[in-house]
J.: 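Have a look at this one before I ask anything.
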Amino acid sequence: MVFAMGILLVLLGLVGLAYGLYALLRGGRDSRGEGGLGPIPERAIHAVAGIRMLVGGAVALALGVAAIFSSLSP
């Protein structure tokens, strides 16, 4: 049971890291395809959300790896 929870946490951590990077790199851009950046507050909100997702993803990834290793040890 702990092993399965660890796998789930690792997957959620990877998704969180990917979404955080996406929010930092693409966040705040104009959605009409012109490539321009949105207003400064919108970019700031995406930056804060990206950092939060990176931290949350890293924590979930670390907890998942710890759960997997704890379930494998005798």
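Both backbone and side-chain heavy atoms feed into the values below; hydrogens, waters and symmetry mates do not.
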J.: Minimum heavy-atom separation for A23 and G50, please, with both atom names.
T.: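 Closest pair (atom of A23, atom of G50, distance): CB-CA, 3.8 Å.
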
J.: Please table the atom pairs, donor to acceptor, closer than 3.5 Å between any side-chain atom in residues 57-71 and protein atoms at least two apart or in another chain.
T.:
{"residue": "S70", "atom": "OG", "partner": "A66", "partner atom": "O", "Å": "3.3"}
{"residue": "S70", "atom": "OG", "partner": "A67", "partner atom": "O", "Å": "2.9"}
{"residue": "S71", "atom": "OG", "partner": "A67", "partner atom": "O", "Å": "3.4"}
{"residue": "S71", "atom": "OG", "partner": "I68", "partner atom": "O", "Å": "2.8"}

J.: Just verifying a value: how many Å separate L14 CG and L9 CG, rounded to the nearest 0.5 Å?
T.: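 Going from the CG atom of L14 to the CG atom of L9 covers 11.0 Å.
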
J.: To the nearest 0.5 Å, what is the distance between CZ (R26) and OH (Y19)?
T.: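 It is 13.0 Å, given to the nearest 0.5 Å.
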
J.: Does M1 sit in a hydrophobic cluster with other residues, and if so which ones, taking ILVMFWY side chains as linked at heavy-atom separations under 4.5 Å, directly or through other members?
T.: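 Under the 4.5 Å side-chain rule, M1 groups with nothing.
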
J.: What's the verdict on side chain to side chain contact (heavy atoms under 4.5 Å, CB included) for L11 and V15, showing C-alpha distance, side-chain angles and the deciding distance?
T.: CA-CA 6 Å; L11 290 175; V15 168; 5.6 Å; no

J.: From L21 CG over to M53 CE, what is the distance, rounded to the nearest 0.5 angstrom?
T.: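 Interatomic distance, L21 CG to M53 CE, rounded to 0.5 Å: 10.5 Å.
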
J.: Is there a path of hydrophobic side-chain contacts, each under 4.5 Å between heavy atoms, that joins L8 and M5?
T.: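 Unlinked, L8 and M5 end up in two clusters.
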
J.: Are L54 and I45 in one and the same hydrophobic cluster, where Ile, Leu, Val, Met, Phe, Trp and Tyr link if side-chain heavy atoms are under 4.5 Å apart?
T.: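 Different hydrophobic clusters.
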
